[in-house]
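All of these numbers come straight from a predicted model, not from anything done at the bench.
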Amino acid sequence: IAAITPLLLYLKFYWVGTTWKYWNGLSWTSALSTDFNTALVVNTNIATFATTTNQILWKAFLESNGSQQVILDNITIDYTENVLPTITNVSSSQQTSNGAVRIDYALVDTESDPSSLSAYEYSLDGMSWFTMTASTTDAGHSGVSGLSSSPAGTSHAFVWDGRVNVGTVYDATTYVRLQANDGIGSGAYTTSSAFAIDYVMPVVSNVSSSQALGSTNVQITYDLSDDTADNHFVELAVSSDGGSSWTVPVATVSGAVGSGVTTGVSKTITWNAGTDYPSQQQSAMRVRVRARDTYRNQADYVTSTVNFTLD
């Protein structure tokens, strides 16, 4: 909108079906008879004028310097049609640090409008969709509002606290989908490819122990099963009072203990009791074992059912 000097051009606008509006310095608000704006103020703020009916009316008030006739030759209002934002490059994976699911994506908008996620949903079957709970304390989470965009796409991440929504579940065909809104409208949903989530605790069973004949070593065996087959962390504890307390030092161990343990039956741990607990003669020894998988799922200790003698 252009004003021709030395004339001053004052304007009021309204969309059909509402009242006249003017810019009050903060927002477009209802105008009284004495309320109007210069063309410069209108040009600066017209982009924030509400768009509902796609029709506009305007009033022009012209004031001369007293030396010439006031004439308005023409007024032109141009606009750029908004293109709704889109989500691209969706990539999802469960994090080994805390079990949450990180969803990376790019936010694309032709006008680079600040946008928000109007929908962030998951499905375990590709048909029924539910809202994801955001892991807002995760440093990688970008939030869901005030997100920057660009024509080429701006990278963001949504971190999903899947355990809160799905509980103790293992699912190999999980999907997520996102939808963005630029304040004018929402774009289309973008759906990820299928990926696995694992919130099921590993299972330790059949724990037994005995001192090796002619040695101060103790052999501990157990079975380990889990939906995720590798990279388990296995812990061992030893009691000298039948399981009332677990204070016996356990430092010199080998075999299927610590990190990198795979699932299987008859997993074996060797504990060097002669080094960690020397010169002992105990008849109420017991052991217990627990495992944590790569996604931080951890069950309680499983204890051997009978005492063994350490000599």
Side-chain angles (χ1 to χ4, degrees), residues 93-101 124 161-164 166-174 195-311:
S93 61
Q94 188 172 6
Q95 300 181 132
T96 58
S97 58
N98 57 12
V101 177
L124 302 183
D161 192 347
R163 192 188 308 273
V164 170
V166 303
T168 307
V169 165
Y170 175 85
D171 189 89
T173 54
T174 303
F195 62 96
I197 56 172
D198 182 2
Y199 293 112
V200 177
M201 295 177 291
V203 176
V204 173
S205 59
N206 299 324
V207 178
S208 64
S209 56
S210 62
Q211 185 174 357
L213 185 64
S215 170
T216 58
N217 289 339
V218 174
Q219 301 291 324
I220 300 103
T221 61
Y222 65 94
D223 298 339
L224 175 61
S225 62
D226 191 30
D227 292 297
T228 302
D230 54 8
N231 292 324
H232 293 81
F233 183 82
V234 174
E235 295 177 89
L236 170 68
V238 178
S239 170
S240 61
D241 53 14
S244 296
S245 63
W246 299 90
T247 58
V248 175
V250 180
T252 311
V253 292
S254 60
V257 66
S259 60
V261 179
T262 59
T263 57
V265 297
S266 299
K267 310 296 291 186
T268 301
I269 302 172
T270 299
W271 170 47
N272 191 330
T275 298
D276 293 343
Y277 199 48
S279 304
Q280 297 289 327
Q281 186 170 358
Q282 303 287 343
S283 60
M285 301 293 293
R286 286 203 183 192
V287 298
R288 65 181 185 178
V289 178
R290 70 177 178 181
R292 183 177 69 241
D293 69 19
T294 190
Y295 300 116
R296 316 298 290 182
N297 303 306
Q298 180 172 270
D300 293 332
Y301 277 103
V302 175
T303 304
S304 57
T305 56
V306 296
N307 296 337
F308 71 94
T309 298
L310 178 67
D311 185 0

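The side chain to side chain donor-acceptor pair (under 3.5 Å) test applied to Arg292 returns Gln298, not counting sequence neighbours. Residues satisfying the side chain to side chain donor-acceptor pair (under 3.5 Å) criterion with Gln95, sequence neighbours excluded, are Asn98, Asp138. The side-chain contact (heavy atoms from CB on, under 4.5 Å) test applied to Thr228 returns Asp198, Asp226, Asp230, Thr294, Tyr295, not counting sequence neighbours. Residues passing the side-chain contact (heavy atoms from CB on, under 4.5 Å) test with Ala291, sequence neighbours excluded: Pro202, Val204, Leu224, Val234. Residues forming a side chain to side chain donor-acceptor pair (under 3.5 Å) with Thr262 (at least two apart in sequence, or on another chain): Lys267. With sequence neighbours excluded, the residues satisfying side-chain contact (heavy atoms from CB on, under 4.5 Å) with Val265 are Asp223. For Arg163, there are no salt bridge (Lys or Arg N to Asp or Glu O under 4.0 Å) partners at least two apart in sequence or on another chain. In terms of the side chain to side chain donor-acceptor pair (under 3.5 Å) criterion, residue partners of Ser239 (sequence neighbours excluded) are, by chain and number, Asp241.
Pairs passing the side chain to side chain donor-acceptor pair (under 3.5 Å) check and including a residue from residues 207-217, sequence neighbours excluded, read Ser208-Thr221. Pairs passing the salt bridge (Lys or Arg N to Asp or Glu O under 4.0 Å) check and including a residue from residues 293-310, sequence neighbours excluded, do not occur.
The CG atom of Leu124 sits 7.5 Å away from the OG1 atom of Thr173 when rounded to the nearest 0.5 Å. Between the CD atom in Glu235 and the CD1 atom in Ile269 there is a gap of 10.5 Å [rounded to 0.5 Å]. Distance check: Tyr301 OH to Arg290 CZ gives 4.0 Å after rounding to the nearest 0.5 Å. Atom OG1 in Thr168 sits 5.5 Å away from atom CE in Met201 (nearest 0.5 Å). How far CG of Asp227 is from OH of Tyr199: 13.5 Å, rounded to the nearest 0.5 Å. Atoms OG1 and CZ, on Thr174 and Phe195 in that order, are 5.5 Å from each other to the nearest 0.5 Å.
Of all heavy-atom pairs between Gln94 and Ile197, the closest is OE1-CA, 3.3 Å.
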Return all side-chain donor-acceptor pairs below 3.5 angstrom for residues 246-254, not counting sequence neighbours, or 'none' if the list is empty.
from   : atom 1 : to     : atom 2 : distance (Å)
Trp246 : NE1    : Gly243 : O      : 3.3
Thr252 : OG1    : Asp276 : OD1    : 2.7

Which atom pairs, donor and acceptor, lie under 3.5 Å between side-chain atoms of residues 304-311 and protein residues at least two apart or in another chain?
from   : atom 1 : to     : atom 2 : distance (Å)
Ser304 : OG     : Val287 : N      : 3.2
Ser304 : OG     : Val287 : O      : 3.2
Asn307 : OD1    : Arg286 : NE     : 2.4

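For the pair Tyr277 and Ser240, the minimum side-chain heavy-atom distance is below 4.5 Å. The closest side-chain heavy-atom distance from Thr303 to Val207 is not below 4.5 Å. Between Trp271 and Ile220, some side-chain heavy-atom pair lies under the 4.5 Å cut-off.
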Review point. When you look at Met285 and Val238, which way does the side-chain contact (heavy atoms from CB on, under 4.5 Å) test go after all the steps?
Key: CA-CA 7 Å; Met285 301 293 293; Val238 178; 3.5 Å; yes
